[in-house]
Protein chains: 2
Amino acid sequence: MASKKTYSISELSKEFDVTTRSIRFYEDQELLRPSRRGQTRIFSSKDRVRLKLILRGKRMGFSLAETKELFDLWDETPIGNEKQLLKMLTILNNKRAQLEQQKNDIAQAEMEMDTAEARCREALAELQKKKKQQAPANDDEKQAAEN
Amino acid sequence: MASKKTYSISELSKEFDVTTRSIRFYEDQELLRPSRRGQTRIFSSKDRVRLKLILRGKRMGFSLAETKELFDLWDETPIGNEKQLLKMLTILNNKRAQLEQQKNDIAQAEMEMDTAEARCREALAELQKKKKQQAPANDDEKQAAEN
DNA sequence: AAACACCTTTACGTTTACGTAAACTTTCTC
DNA sequence: GAGAAAGTTTACGTAAACGTAAAGGTGTTT
């Protein structure tokens, strides 16, 4: 009995901080497939998971089309078709490579931010020194004030 | 003498596999500032670094505007202005948080890919078993063939 | 039953990040 | 010095991912 709850469009909208317009757009692009009660959309927990995946994909720089590809692939891959399964494996490997690239990019960015921050702090320290020279205050007082 | 070399637009285009159109667009958006010899653009090694950063930013899901913000920030931050330096530090922290989020997203994605791959391999193994039952070949031959 | 919240479709508008074509100038290469 | 190669500007076109009305349908609360 895996969470059989359903959701309205505004529930999902609020939970994930995304406009209803976007959610409808995702349905239009066939990334979500809510059922209907009359006209009203009813989202399953599967839809909810998918929405979460869509948003994560966006944060990772994936286009909706890319995300849809993955959804489709997963949906269409028959558990009993060898060819499809192999294709799935190669695509998974491609995605892995992409993630590796992203991890490298992030690591690089972090290193550069480290040096940038170091320079900032150095410059600040330099400024502090000059201040003290101009107004030679009591060191102990300052130390105490910062705690 | 930090690498005083210069580059033509096509050189950069080839090196980073990006169209000249894009490079000119980046200049238009003031992310690059090549000098000119007559009409022709001459890119410095600083421009080259920036281009690299632009592309990395894109891979990380940053818009050109976001990247430009960072460039501007860095350019404009005077080494002697305390306020600017502090602002820089807070922005650096924000970016760090963003990178953390991305790392989490990637880790999640990797886990899911692991389980997906496992299921694929399981299904494939299942198929292999059935094949063998239908055509009960010699196991040793197969093993040998795979080496 | 009037008002209000929430849902719907339809459809035109907007921003970003380029693509593509035209028409022209400058720079190599033979 | 003629032609090809590489560069330029100008400008219209396009795909993605929504924003933003407009106009209206359900339902429930007072």
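Chain identifiers are assigned alphabetically (A, B, ...) following the order of the sequence lines, protein sequences preceding nucleic acid strands; residue numbering begins at 1 within each chain. The shown structure was predicted, so the numbers you read here are calculated from the model rather than taken from an experiment.
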Report summary line: note: A:L51, atom CG; D:dC18, atom P; distance rounded to Å ~ 11 Å
Query raised in the report: Is there a side-chain polar atom (N or O) of A:Y26 under 4.0 Å from OP1 or OP2 of D:dC18?
Result: yes
Query raised in the report: Judged by atom type as modelled, is there a donor-acceptor pair below 3.5 Å linking the side chain of B:E117 to the main-chain atoms of B:D114?
Result: no
Query raised in the report: So, A:N93 and A:T90: side-chain donor and acceptor under 3.5 Å apart, yes or no?
Result: no
Query raised in the report: Between A:D75 and A:R50, is there a side-chain N and carboxylate O pair less than 4.0 Å apart?
Result: yes
Requested in this report: Give the rounded distance in Å between these two atoms: CZ of A:R37 and C1' of D:dG25.
Outcome: 14 Å
Query - Lys/Arg cation over aromatic B:F43: B:R48, 6.0 Å, 45° cone - result: no
Query raised in the report: Hey, which of these two, B:K14 or A:S63, hits DNA chain D nearer its 5' end, going by closest nucleotide?
Result: B:K14
Query raised in the report: When you measure from the side chain of A:E66 to the backbone N and O of A:S63, does any donor-acceptor pair fall under 3.5 Å?
Result: yes
Report summary line: Taken to the nearest whole Å, CZ/A:F25 to P/C:dT14 is 17 Å
Query - Candidate list B:R96, B:K95, B:K103, test salt bridge (charged side-chain N to carboxylate O under 4.0 Å, His left out), partner A:E110, passing option - result: B:K103
Query raised in the report: Separation of A:D28 atom CG from C:dT9 atom P, in whole Å?
Result: 9 Å
Query raised in the report: Is any side-chain N or O of A:K58 closer than 4.0 Å to OP1 or OP2 of D:dA17?
Result: no
Query raised in the report: For every nucleotide of nucleotides 7-13 of chain D, 5' to 3': is a protein heavy atom under 4.0 Å from its base (B), only from its sugar-phosphate (S), or from neither (-)?
Result: SBB-B--
